[in-house]
Number of protein chains: 2
Amino acid sequence: MAATRKSATPAPGCRPEDHPRASPRVPPVGAASLERAARLFRAIGDPPRLHLLALLAQGEACVTELAANQREELSTISQRLRVLRAENIVARRREGKHILYSLADQHIVDLVFNALAHASERPPDIPASPPMKERGKHA
Amino acid sequence: MAATRKSATPAPGCRPEDHPRASPRVPPVGAASLERAARLFRAIGDPPRLHLLALLAQGEACVTELAANQREELSTISQRLRVLRAENIVARRREGKHILYSLADQHIVDLVFNALAHASERPPDIPASPPMKERGKHA
DNA sequence: TGGTTAGTTGAACAGTTGATGAAGTGATGG
DNA sequence: CCATCACTTCATCAACTGTTCAACTAACCA
């Protein structure tokens with residue numbers, strides 16, 4: 001999110017009849033759900049933070065360990081963890097002088113594993129599609 | 001991403017022996033995979049863009065339709081779609097005067113549905129954990 | 001051919017984010 | 001009780017992101 005000015009579309013220049021589509025038989029998604037899902041994705045949508053999650057997917061770890069692993073300062077890691085904590089992605093518990101972090105629930109574990117597995121398979125996505133010219137029918 | 005200065009941790013103050021953990025029996029994640037997975041998540045980690053995906057999950061739609069639905073300008077929608085396109089999250093094809101967008105593959109469809117379903121279930125996450133005080137053992 | 005509709009692209013600005021050093025907090029150790 | 005370790009929080013600042021307006025391009029229609 002960055003700028004957030006608003007206005008709106010003046011009027012739909014084309015009508016639904018112009019191009020009938022599939023079944024709109026899906027309930028409208030609540031704005032709150034969208035918001036929460038997006039916040040979750042955004043939190044893990046940062047390489048350093050996702051790396052942290054990948055490390056935690058291997059088991060609990062204290063902040064110092066994580067910092068050593070990422071070659072970063074404690075405070076930097078702590079800030080990253082703060083973001084993840086704000087979305088309930090990670091859990092923490094104190095163990096003596098250390099604070100051990102872990103992934104908050106199985107859903108997160110799955111999400112992280114799936115994402116990494118998928119990303120390891122898919123080719124690097126070089127081109128990003130040319131300006132588009134032809135009338136490409138669905139085939 | 002914002003600031004990107006660097007330095008590094010001076011030295012790990014605590015050793016692994018200090019707090020033995022589970023099995024580190026997971027191969028180290030490639031930096032490239034992390035990067036790609038993070039880019040994907042970041043692209044969908046924005047309410048307006050996720051909303052677009054939710055709409056596309058119901059079927060193909062042209063830019064004007066999407067704009068009308070979100071009450072935004074064409075150009076705004078187009079820019080959002082550009083971001084999604086850059087990560088190969090959506091596909092487009094021309095149909096006469098219109099350009100129809102759709103979700104690029106089943107993986108994305110699943111991701112969107114799962115995210116929204118999950119977000120609809122989970123409570124709004126109000127507290128975000130107090131300053132932490134007690135020595136919370138795993139119970 | 002010119003006009004209109006549909007969409008894309010570019011530049012600029014405002015708002016947000018993340019890293020960092022310094023200062024603060026909480027446990028533990030001596 | 002004071003020092004130290006392990007973090008967390010704060011303020012700051014540079015870098016990035018998203019929206020918007022103003023061109024610009026592509027199809028289609030008269």
Side-chain angles (χ1 to χ4, degrees), chain A residues 1-15 18-19 38-39 42-43 45-49 52 61-68 70-86 92-101 129-136, chain B residues 1-15 18-19 38-39 42-43 45-49 52 61-68 70-86 92-101 129-136:
Chain A
M1 217 175 300
T4 314
R5 282 167 279 173
K6 281 266 164 162
S7 63
T9 342
C14 65
R15 270 94 52 78
D18 293 352
H19 28 54
R39 288 176 65 81
R42 165 165 303 193
D46 175 67
R49 269 180 327 241
L52 236 27
C62 73
V63 184
T64 305
E65 277 181 293
L66 296 169
Q70 294 200 350
R71 312 292 182 81
E72 298 274 13
E73 313 219 17
L74 264 190
S75 126
T76 299
I77 301 300
S78 193
Q79 293 284 29
R80 288 176 187 162
L81 288 169
R82 190 176 59 74
V83 173
L84 296 173
R85 231 163 47 217
R92 39 49 147 177
R93 74 187 176 91
R94 169 155 252 156
E95 183 69 56
K97 286 202 278 193
H98 296 257
I99 293 182
L100 298 176
Y101 277 83
S129 78
M132 158 158 294
K133 218 103 193 177
E134 20 173 1
R135 171 159 183 158
Chain B
M1 219 176 298
T4 315
R5 282 166 278 172
K6 280 267 163 161
S7 65
T9 342
C14 65
R15 269 96 50 79
D18 293 351
H19 28 54
R39 286 176 65 81
R42 165 166 305 194
D46 175 69
R49 278 189 310 251
L52 237 26
C62 73
V63 185
T64 305
E65 277 182 293
L66 295 170
Q70 293 200 351
R71 310 293 182 83
E72 297 274 13
E73 313 218 18
L74 264 190
S75 127
T76 300
I77 301 300
S78 193
Q79 294 282 28
R80 288 176 187 162
L81 289 169
R82 191 175 59 73
V83 173
L84 295 173
R85 232 163 46 218
R92 9 109 117 152
R93 73 185 175 91
R94 185 178 276 276
E95 182 70 53
K97 284 201 279 194
H98 296 259
I99 292 184
L100 298 176
Y101 277 82
S129 76
M132 160 157 295
K133 222 103 194 177
E134 25 180 353
R135 173 161 181 156

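Here the structure is a predicted model, which is why all the values come from computation and not from measurement. In what follows, chains carry the letters A, B, and so on, assigned in the order in which the sequence lines appear, proteins first and then strands, with residues in each chain numbered from 1.
- Regarding contacts with the backbone of D:dT8, a side-chain N or O of A:Ser78 is found under 4.0 angstrom from either OP1 or OP2.
- Spacing between atom CD1 of A:Ile77 and atom P of C:dG18 amounts to 13 Å, rounded to whole angstrom units.
- With B:Arg49 contributing its side chain and B:Ala43 its backbone, the two residues share a donor-acceptor pair below 3.5 Å.
- Here B:Arg85 reaches the OP1 or OP2 of C:dT8: one of its side-chain N or O atoms lies under 4.0 Å away.
- Atom CD of A:Glu73 and atom P of C:dG18 are 17 Å apart (whole Å).
- At the phosphate of D:dA6, neither OP1 nor OP2 sits under 4.0 Å from any side-chain N or O atom of A:Tyr101.
- Ranking C:dG21, D:dT8, C:dA19 by closeness to the A:Leu74 side chain, first place goes to D:dT8.
- Distances shown here put a side-chain N or O of B:Arg42 below 4.0 Å from the OP1 or OP2 atom of D:dT17.
- Considering only heavy atoms from C-beta on, B:Val83 stays 4.5 Å or farther from B:Asp46 through its side chain.
- Distances shorter than 4.0 Å separate some side-chain N or O of B:Arg49 from OP1 or OP2 on D:dG18.
- One atom, CG of A:Leu84, and another, P of D:dT8, lie 12 Å apart when rounded to the nearest Å.
- Protein atom CZ of A:Arg92 is 11 Å distant from nucleotide atom P of D:dC7, rounded to whole Å.
- The B:Ser75 side chain lies nearest to C:dG10 when the options are C:dG10, D:dC7, D:dT19.
- Among C:dT9, D:dC28, D:dT8, the nucleotide with an atom closest to any side-chain atom of B:Lys97 is D:dC28.
- Taking atom CD of B:Glu95 as the reference point, atom C1' of C:dA6 lies 14 Å away to the nearest angstrom.
- For A:Ile99, taking side-chain heavy atoms from C-beta onward, the closest of the listed nucleotides D:dG18, D:dC7, D:dT20 is D:dC7.
- Rounded to whole Å, the distance from CG on A:Asp46 to P on D:dT17 is 10 Å.
- The base of D:dC5 has none of its N or O atoms less than 3.5 Å from a complementary donor or acceptor on the side chain of A:Thr64.
- Separation of atoms CG (A:Leu66) and OG1 (A:Thr76) is listed at 12.5 Å; rounding is to 0.5 Å.
- One finds a side-chain N or O of A:Arg80 lying less than 4.0 angstrom from the OP1 or OP2 phosphate oxygen of C:dA19.
- The residue among B:Val63 and B:Gln79 whose nearest nucleotide of DNA chain C is located toward the 5' end is B:Val63.
- If you check D:dG18, C:dT20, C:dA6 against the side chain of B:Val83, the one that comes closest is D:dG18.
- Distance from the side chain of B:His98 is smallest for C:dA6 among the nucleotides D:dC7, C:dA19, C:dA6.
- Using a 4.5 Å heavy-atom threshold, the side chains of A:His98 and A:Glu65 count as separate.
- Proximity of a side-chain donor or acceptor of B:Arg94 to a complementary backbone N or O of B:Gly96 within less than 3.5 Å is detected.
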